[in-house]
Amino acid sequence: MTEIELWSKASEAEAPRLTEIRRHLHQHPELGFEEFETSKLVIRELESLEMDVHTGYAKGTGVVAILRGTAPGADAKDARAVALRADMDGLPILEESGLPYASKVSGKMHACGHDGHTTTLLGAAKVLSKNRARLKGTVVFCFQPAEENGGGGRYMVEEGALENPKCSAAFALHGIPSLPLGHVGVKSGPSHAASDGFRILIRGRGGHGAAPHMTIDPIVLGARVVEALQSVVSREVNPLESAVVTIGAIHAGVARNVIPDTLEMLGTIRSLKDDVRRKVQAAVKRTAEGICLAGGATADVEIRDGYPVMVNDPAAAKFVLDVARESLGGEKVREIAAPTMGGEDFGYFLQKVPGAMFRLGVATRENYPSLHNPGFDFSDAAIPVGVALFCRIAERYLRDGLLS
Ligand code: NI
């Protein structure tokens, strides 16, 4: 049996149990930092595998499990350690998939497939623990909370998930409905955008809707600000670079004949490079403040740095592509050309160590529901594919590093 057959058979053998776990998680989604039952399930499964399990990361629900290989050289001073990461949180979305194992929690669902990511990493832990004699180093399994909102990954990294043992690379996967089931894509270099949040509070002076000259109308100024912000990307960012400014919410006023005192606006800034990020942040602030000043109002502009750009190390991306092509055949594996302006907090891991996230196709038909859609479901058949890839990535990296 070849090495590829070994990992794929071992992964397929776990598939029935992993499908049960995945559907259980799907029925019981929990939001960021509240993954208490998910975390308990993960701990229970890991504790049966004879590895060191550390709990309580990232405000409580994060879990790190350490599997020490027993291949010759695994305990040498220069033996490597590699991190494999999954996220565990669901989203505040009412599921409309109609599936027999749909969410039992009204208003919460695994619409980003993190149930599949958690299950796949548990599968890799099971298969690798049974094959520890093949591992020339240590595998660190990181189960993190709050990827969607809250940056659980940042806490994991700050609390030392990659430090003891010291990992020299990290890998993760994300299920994706734009690729057919079991296909793999990797973007080399910047893969996901930095995502920053902002809040603009315009303070005018309220009054009677029939006497606007006695007021400073924050609604008219707010409309100007929204309109002017559309020119930040088109006029201030180099046309060969990428950025997004989106206003997602506006709150002001209660009655048709009353001009309110204030208007609040919430938005997001996306970018792929630090200089673009700082330039857009400054332009949003300057534009809002300047327009409000011209109108006699003031604008309080708060911009909060969110997730960093997620950059797949080019050597690590090539390594994953090579491993995936050997396992699945070239026709199922592609290098993705364009990054997404979506955010991903695995970027915190990749600020610390080189590594890559690969995308694993889950689409079983045309027009498969997109991520964050109330009809989305992580296909169970993708799980053993992801498990076998995680296993081969770990085995190969511990043996040869990123060389391939
Ligand atoms: Ni996600």
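Being a predicted model, the structure only gives us computed values, none of them experimental. Any value given below was found using the heavy atoms of this structure, including those in side chains, with hydrogens, waters and symmetry copies removed. When a ligand or atom number is given, it counts from 1 through the structure's own listing order.
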Assess the side chains of Ser178 and Arg359: does a donor N or O sit below 3.5 Å from an acceptor N or O?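 Short answer, no.
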Check: Asp322 main-chain N/O paired with Arg325 side-chain donor or acceptor under 3.5 Å: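 Such a contact is absent between Arg325 side chain and Asp322 backbone.
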In the protein, how many N/O/S atoms are under 2.8 Å from the Ni ion (ligand 1)?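 That number is 3, waters not included.
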If a pair satisfies salt bridge (charged side-chain N to carboxylate O under 4.0 Å, His left out) and one of its residues is in residues 327-336, list it, with sequence neighbours excluded.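 The answer is none; no pair qualifies.
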Going by the rule side chain to side chain donor-acceptor pair (under 3.5 Å), which residues pair with Arg22 if we only count those two or more places apart in sequence or in a different chain?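 Once residues adjacent in sequence are excluded, the partners of Arg22 under the side chain to side chain donor-acceptor pair (under 3.5 Å) criterion are His26, Tyr101, Asp115, Asp377, Asp380.
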Considering residues at least two apart in sequence or located in another chain, which fulfil the side chain to side chain donor-acceptor pair (under 3.5 Å) criterion with Arg134?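 Side chain to side chain donor-acceptor pair (under 3.5 Å) list for Arg134, sorted by chain: Glu395.
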Any idea how Phe319 and Phe171 line up, ring-wise: parallel (<30°), tilted (30 to 60°), or perpendicular (>60°)?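 Tilted.
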